[in-house]
Structure formats: structure tokens, C-alpha cells
Amino acid sequence: MTAVATTDGFTLYAESDGSGEAILFIHEFAADHRTWAAQVTALSGEFQCITYSARGYPPSDVPPSQDAYSYLKAADDAVAVLDAFGVSKAHIVGLSMGGFCALQLGIRYPRRVLSLLVSSAGSGSNPAHRQAFLQETQDLASAFRSDGSPAVAQRIALGPSRIQLRRKNGAAWREFLRQLGAHSAMGMALTVLGVQRSRPSLYDLTDDLREIKAPTLVLNGDEDEACLEPGLLLKRTIPAAGLLVVPNSGHALNLEEPALYNYVIRAFVGMTGRGEWPARDPRSLFSAIGSESSAPDS
């Protein structure tokens, strides 16, 4: 365990296992550093696997002020974790809220990034559902404060993009529910308002996303409705982005399909290390079906 000092005076809990090129894992809103156990077990024989709990998630500090939480601070904290372990560059693997954070590292800290694996990112970005998302985050924060984490965890764990985990692996689903129910209600409420609700839509960040140079893999479950269209946006916007959609899958892909998830990390990191991950050929771009200027594929 390493105690990581943030730039604004808080302490984060972080762990490092294995050696080799570093992979920094950034967890989702409904999880913490423990969610990556299957990845660390599978990959720490080849890589330095770094996990940490974000601010607001014990055993990391839970700052009591709303001003201490933002998506920008979250990216700064990720860099502080790399600094604490003396890592100059890392492969970044982020899920959901952690995927958004990974994109921010690609935008704001490109020299610290070897590659980006962005999973289940973009909830609340679709303009058609933006206002509903903002209201839902407000309601969720209120629920954490009034009902507590165990009650809210039950609702989240039975949500439309979580029931897939229950179907596939009941034991993993129950452990997810147990861990979420033990989270700090104050930390969760402040995170959902300061990070989730206050972050911009990916649709408003397209100019920044086009500047990401790192090899990027976007990974989504095909039943994670809130993230499918944002995933396409990322594929179409980030120059070196690939898109992989996992069938019959929801939001927590690292828990639902750990063997596949680990295989994808290993294969993607290997391709980037060998220089085999391409930027998109501009000739593959077109604005509407049938508008290609070249001869049709045979």
C-alpha cells in the first residue's frame, strides 16, 4: 500500500503489484480499487498493475467540501498516483467514470500516457438524454444522503446495465453489491455531484478528443445503452481509436467478462508496444452511406 498525496492536500490509497510496463487502473463510480482484482491477478506477472481508490472512497480520504470534487481534480489525482510510484508513462485502463478520467489524461497529460483503454464511458453525454441524466444525478446524491449506501446499492445493482452481471456471475454481483453498500454515503453524494454531474458531455469535447494522439481502444457492452452512442462518437473522433463491442453485456465489463477483459488488455497493450496500432486512414471516413468517392469494396 502507498499513501498518495494529492496536489490539494488529501491522501489516496493505492497499491502496486508486479513489474514491467505500468498499467494504471481507474475505477468506476460504483466501485473502488478492489474491482480490478481479477485484472491484477491475471496481469501482474507481466506488468506493474497500479490500482487506487479515488477521493471520496475509503480508505482514501473523503473530503467534506463539494469544492474538493471535480473531473479535473480526478485527472490530477491519477497523475499523483503515477508520481507516487515513480512512473513516467503508463497504459491507462478506465471504466465508466474512470474511462472519462482516462480521456482527460489523454487530453491534459499526453506525455504520461502510453495508451488508453476506455470502457463503458459516456453516460449522460447523449444530448437527447442530457437533462434526464442531470436530474438523475441530483436524485442519486439526495438518495445517498437520505437513504444511505446499502439502500442505494440495491437500486444500482438491479439497474438496466447491472443485471447482466447478476445473470452471468451471481457471486461477483453479490460482492459488487456488498462493496458498494459499504461506501461512504457522503463521498458518493459529493462524487456524483462534483464529478459525474459537473463533467461536460463528450459531445462538447470533440475538439479536445481529436487532439488525443495515444492509441485508444473503446470497449462497450452492447446492452449498456447509455454508452453505445458515446462509444461511436469516440471512435469517430479520436484519430487512433478502435471500438470493440461485447455481446450480451452491460456496464461492468471487467466483472462480467474478466477473462475476455484481461485478454483484450494484453492484446491491446502488446499491439501498441509493437507499434501495430494504427491511426484511422482518412479514406475510411465519409459523411453518409454511399458517399465514398472511391470504388466500392469487392
Side-chain angles (χ1 to χ4, degrees), residues 6 8 10 12 26-32 35 53-58 60-78 94-108 118-162 180-181 183-209 220 224-231 233-234 250-252:
T6 70
D8 53 351
F10 300 107
L12 305 178
I26 310 178
H27 67 78
E28 62 152 316
F29 170 74
D32 55 44
T35 197
S53 283
R55 61 175 69 197
Y57 293 75
S60 293
D61 284 350
V62 182
S65 170
Q66 188 67 77
D67 293 342
Y69 298 80
S70 75
Y71 73 95
L72 297 173
K73 291 180 184 294
D76 294 342
D77 288 353
L95 181 76
S96 192
M97 182 177 75
F100 190 96
C101 185
L103 291 170
Q104 285 298 309
L105 293 180
I107 292 168
R108 297 178 55 221
V118 181
S119 312
S120 307
S123 295
S125 288
N126 192 321
H129 307 297
R130 182 70 175 171
Q131 289 307 311
F133 169 79
L134 295 176
Q135 184 59 55
E136 287 171 4
T137 54
Q138 188 71 54
D139 294 344
L140 185 59
S142 298
F144 270 110
R145 287 173 170 147
S146 62
D147 302 336
S149 292
V152 179
Q154 288 282 347
R155 300 175 210 170
I156 291 175
L158 290 171
S161 63
R162 304 286 180 175
L180 177 55
H183 283 179
S184 163
M186 180 177 71
M188 298 300 283
L190 292 171
T191 298
V192 77
L193 294 177
V195 180
Q196 302 281 77
R197 191 173 195 276
S198 300
R199 71 190 181 196
S201 163
L202 293 178
Y203 289 76
D204 295 328
L205 294 176
T206 52
D207 287 345
D208 291 330
L209 294 170
N220 286 332
D224 191 6
E225 294 286 351
C227 297
L228 284 174
E229 291 186 23
L233 173 76
L234 294 175
H251 198 66

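Just so you know, these numbers use all the heavy atoms, side chains as well, and skip hydrogens, waters and symmetry mates.
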I'd like to check M188 versus V62 (side-chain heavy atoms, cut-off strictly below 4.5 Å). Are they in contact?
no
H183: partners by side-chain hydrogen bond (donor to acceptor under 3.5 Å, both in side chains), with sequence neighbours left out
D32
Who are the side chain to side chain contact (heavy atoms under 4.5 Å, CB included) partners of R130, not counting sequence neighbours?
F133, L134, S201
Separation between NE2 of H129 and CD of E229, rounded to the nearest 0.5 Å
6.5 Å
Can you find a pair of side-chain heavy atoms, one from Y71 and one from P200, that are under 4.5 Å apart?
yes
I need the I26 CD1 to S119 OG distance, nearest 0.5 Å.
11.0 Å
Please tell me if the side chains of L103 and L234 come closer than 4.5 Å, counting only heavy atoms from C-beta onward.
yes
Contact check, side chains of R108 and D76, non-hydrogen atoms, under 4.5 Å:
yes
For N220 versus G231, what's the shortest heavy-atom pair and its separation?
ND2-CA, 3.4 Å
Decide yes or no for F29 and L140: does some side-chain heavy atom of the first lie under 4.5 Å from some side-chain heavy atom of the second?
yes
List the atom of S161, the atom of D224, and the distance in Å for their closest heavy-atom pair.
CB-OD1, 3.6 Å
Is there a side-chain contact between K73 and T6 (heavy atoms, below 4.5 Å)?
no
Can you tell if the side chain of L205 reaches within under 4.5 Å of the side chain of Q104, non-hydrogen atoms only?
yes
Salt bridge (charged side-chain N to carboxylate O under 4.0 Å, His left out) contacts touching residues 189-204 (sequence neighbours left out):
none
Which pair of non-hydrogen atoms, one from F144 and one from I156, has the smallest distance, and what is that distance?
CZ-CD1, 4.2 Å
Rounded to the nearest 0.5 Å, how far does CG of D77 lie from CG of D8?
6.5 Å
What's the separation between atom CZ in F100 and atom OG in S123, rounded to the nearest 0.5 Å?
11.5 Å
Pairing residues for A252 by the side chain to side chain contact (heavy atoms under 4.5 Å, CB included) criterion, not counting sequence neighbours:
E28, R162, N254, L255
Which atom names give the shortest non-hydrogen contact between C101 and A78, and what distance separates them?
SG-CB, 4.3 Å
Go through the structure and list residues passing side chain to side chain contact (heavy atoms under 4.5 Å, CB included) with S146, not counting sequence neighbours.
none
Once side chain to side chain contact (heavy atoms under 4.5 Å, CB included) is applied, do any residues pair with A68, and if so which ones, sequence neighbours excluded?
F10, R55, P63
Please round to the nearest 0.5 Å and tell me the distance separating atom CG of L209 and atom OH of Y203.
11.5 Å
Polar side-chain atom of S142 near backbone of Q138 as donor-acceptor pair, under 3.5 Å:
yes
What is the distance from atom CD of Q196 to atom CD of E136, rounded to the nearest 0.5 Å?
11.5 Å
What pair of heavy atoms forms the shortest contact from A102 to V118, and how long is it?
CB-CG2, 4.4 Å
Backbone of S53 reached by a side-chain donor or acceptor of S60 within 3.5 Å
yes
S184 versus S149, closest heavy-atom pair with distance:
C-OG, 3.8 Å
Within the side chain of S120, is there an N or O that forms a donor-acceptor pair under 3.5 Å with the backbone of H251?
yes
